[in-house]
Amino acid sequence: MTTPVRWGLLATGDIAHKILAGAALSPDIEIVAVGSRSAERAARFAADNGIPRAHGRYQDLLADPEVEAVYVCLPNSLHHAWTMKALAAGKHVLCEKPYTRHPAQVDEAFDAAEASGLVLQEGFMWRHTPQARTMLELLPSLGEVRLVRAAFSYVMDAGYNINVDSSLDGGSLMDVGCYCVSAARLLLGEPIRVSGEQVIGPGGVDHRFVGVLRFPEDRLACIHSGFDADAEFLEIVGADATLRLPDPWHSVTGLLYRGDEEIRVEPTNPYLLELEDMNAAIRGERAPLLGRADALGQARTIDALFRAAATGTVVSL
Ligand SMILES: NC(=O)c1ccc[n+]([C@@H]2O[C@H](COP(=O)([O-])OP(=O)(O)OC[C@H]3O[C@@H](n4cnc5c(N)ncnc54)[C@H](OP(=O)(O)O)[C@@H]3O)[C@@H](O)[C@H]2O)c1
């Protein structure tokens, strides 16, 4: 990399801190500005994290000529609107997952990005890890894949947060189940029909969601997300062997198990990896790992799962 990419952060929440820690590991990623709804919060966040410029309105960050690329880390319901504004301002965008549950918004955003020659990517950091790459390399050794089981569930602290707010597109499927959807689609392709069950809790959002997805050639996936129990794993059941990842989403351990055989990869900060991938795409070195087709598949599947759970029917895609 020759010239560092100059990034601006759109919001000051939890994940903004994690992206900062990833960015700090590379001299090619400069966080030059932060935007917040509050000038005071922006100034404090900038001072605490050594960021040169602070903006008290999101639109001011987008108007900042020093900013080349924007990391959108707003609540889910705001992703699309602010991505569209960032693209209109001529900025590349890495937008946190899930980009949206509305497929039409994916097309609108990628149409805008392509028309302006800008890079847009949905931020699924787990896809960038050496562990995910090793998983794909091991796939042929499992024989024909029959079933994928994926879980991402945690015990949420009591009280308000954006994930229990239905007006901000909260809920466990949106927050963490989208990772399970991402894994099932990566391993099996696009689902042809889905069914789902959800348990609605405080805030009117799903606090537990279980989905069953059917793919071509009789391949199946079962996904589980939740706010009321701890469960994280990804299991790929092949005709000859089963591959199990106990820590698939954050890849802190870098461990995979093919049957009883332990396979260990070097864990790498996944936020650094997704930023490096964006940098390379912005500098024209390669296409981003995740593009329109992936974001569209995500939105279609999530939308179908919600419809299936709401109506108690099997939804075909
Ligand atoms: N990839 C990952 O590992 C990962 C992990 C966690 C979250 N995420 C995603 O990142 C996004 C943000 O999550 P987070 O955990 O950082 O959330 P958070 O801590 O609640 O932060 C969200 C930020 O959005 C801004 N905001 C704008 N409108 C808001 C509103 N109406 N209510 C609350 N905040 C509002 C706030 O910043 P200002 O007040 O400064 O404007 C707030 O700090 C979500 O889409 C989530 O799915 C990804």
Side-chain angles (χ1 to χ4, degrees), residues 8-23 31 33-49 51 53-62 70-83 85-86 93-102 105 121-129 132 152-154 156-157 159-183 203 205-206 225 227 232 247-252 268-275 277-278 289-290 295 298-299 302:
L9 307 183
L10 207 66
T12 58
D14 285 349
I15 194 63
H17 290 93
K18 292 194 182 141
I19 209 85
L20 277 175
I31 309 290
V34 60
S36 169
R37 293 168 298 172
S38 137
E40 191 197 336
R41 223 165 17 251
R44 194 170 350 111
F45 189 93
D48 288 349
N49 295 290
I51 298 172
R53 306 153 81 85
H55 298 288
R57 300 187 319 161
Y58 295 154
Q59 51 267 48
D60 294 341
L61 178 101
L62 300 185
V70 173
Y71 173 60
V72 175
C73 50
L74 295 164
N76 300 333
S77 63
L78 303 175
H79 288 175
H80 180 60
W82 284 99
T83 293
K85 287 180 194 178
V93 176
L94 173 65
C95 178
E96 262 307 336
K97 47 48 65 176
Y99 181 73
T100 176
R101 56 184 285 188
H102 305 293
Q105 293 184 344
Q121 182 164 199
E122 184 175 17
F124 272 112
M125 85 298 184
W126 87 277
R127 286 287 315 271
H128 298 265
T129 63
F152 195 167
S153 173
Y154 62 97
M156 179 180 272
D157 293 339
Y160 177 83
N161 70 71
I162 60 167
N163 293 311
V164 294
D165 191 331
S166 60
S167 74
L168 298 177
D169 280 349
S172 78
L173 177 59
M174 290 293 275
D175 183 23
V176 281
C178 60
Y179 286 89
C180 305
V181 170
S182 170
V205 300
D206 59 288
S225 58
F227 296 151
E232 282 190 39
D247 165 32
W249 319 121
H250 297 99
S251 188
V252 176
T268 312
N269 184 302
Y271 304 99
L272 165 69
L273 296 173
E274 69 176 349
L275 286 168
D277 186 71
M278 280 295 294
L289 179 67
L290 304 175
Q298 283 295 116
I302 291 169

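Just follow the structure's listing: the first ligand is 1, and inside any ligand the first atom is 1. Every value quoted in this text rests on a predicted model; they were computed, and no experiment measured them.
- Within the 4.0 Å heavy-atom shell around ligand 1 one does not find Asn161.
- Of the N or O atoms in Tyr160, none lie within a sub-3.5 Å distance of an N or O in ligand 1.
- Nearest-heavy-atom check against atom 43 (O) of ligand 1 across Gly35, Ala42, Gly13, Ala11 picks out Gly13.
- The N/O atoms of Pro98, backbone and side chain alike, include none that comes under 3.5 Å of an N/O atom in ligand 1.
- Contact of the Glu232 side chain with the His250 side chain is registered, since non-hydrogen atoms from C-beta on lie closer than 4.5 Å.
- Not close to ligand 1: Met174, with no non-hydrogen atom less than 4.0 angstrom away.
- Contact of the Tyr271 side chain with the Ile15 side chain is registered, since non-hydrogen atoms from C-beta on lie closer than 4.5 Å.
- At a 4.0 Å heavy-atom cut-off, ligand 1 does not touch Lys18 at all.
- Within the 4.0 Å heavy-atom criterion, the part of Leu78 lying near ligand 1 is the side chain and not the backbone.
- Proximity of Met156 to Asn163: side-chain heavy atoms (C-beta onward) are separated by under 4.5 Å at one or more points.
- Closest to atom 11 (C) of ligand 1, if we only count protein heavy atoms, is Leu74 O, 3.4 Å.
- When hydrogens are left out, the protein atom nearest atom 7 (C) of ligand 1 is Ile15 CB, 3.9 Å; that is the closest non-hydrogen contact.
- Among Val72, Leu168, Leu10, Asp165, the residue whose heavy atom lies closest to atom 32 (N) of ligand 1 is Leu168.
- Residues Phe124 and Cys178 are in side-chain contact: their nearest non-hydrogen atoms beyond the backbone lie under 4.5 Å apart.
- Relative to atom 30 (C) of ligand 1, the option among Arg37, Arg44, Glu274 with the closest non-hydrogen atom is Arg37.
- Looking at Phe227 and Asp175, their side chains come closer than 4.5 Å, going by heavy atoms from C-beta outward.
- Using a non-hydrogen distance threshold of 4.0 Å, Cys73 registers as a contact of ligand 1.
- Note: an N/O pair closer than 3.5 Å links Ser36 and ligand 1 by distance alone.
- Counting heavy atoms from C-beta outward, Arg127 and Leu289 have side chains that approach closer than 4.5 Å.
- Atom 39 (O) of ligand 1 has its closest protein heavy atom at Arg41 NH2, 2.7 Å.
- Contacts with ligand 1 closer than 4.0 Å are made by side-chain heavy atoms of Tyr271 only, the backbone lying farther away.
- The heavy atom nearest to atom 10 (O) of ligand 1, considering only Met125, Arg57, Glu96, is found in Glu96.
- Distances from ligand 1 to the non-hydrogen atoms of Tyr179 include at least one value under 4.0 Å.
- In this structure, the side chains of Leu20 and Leu9 come closer than 4.5 Å at one or more pairs of heavy atoms.
- Taking 4.0 Å as the cut-off, Tyr58 counts as a neighbour of ligand 1 on heavy-atom distance.
- You'll find the side chain of Leu62 reaches within 4.5 Å of the side chain of Trp82, heavy atoms only.
- Only the side chain of Ile162 comes within 4.0 Å of ligand 1, counting heavy atoms alone; its backbone N, CA, C and O stay farther away.
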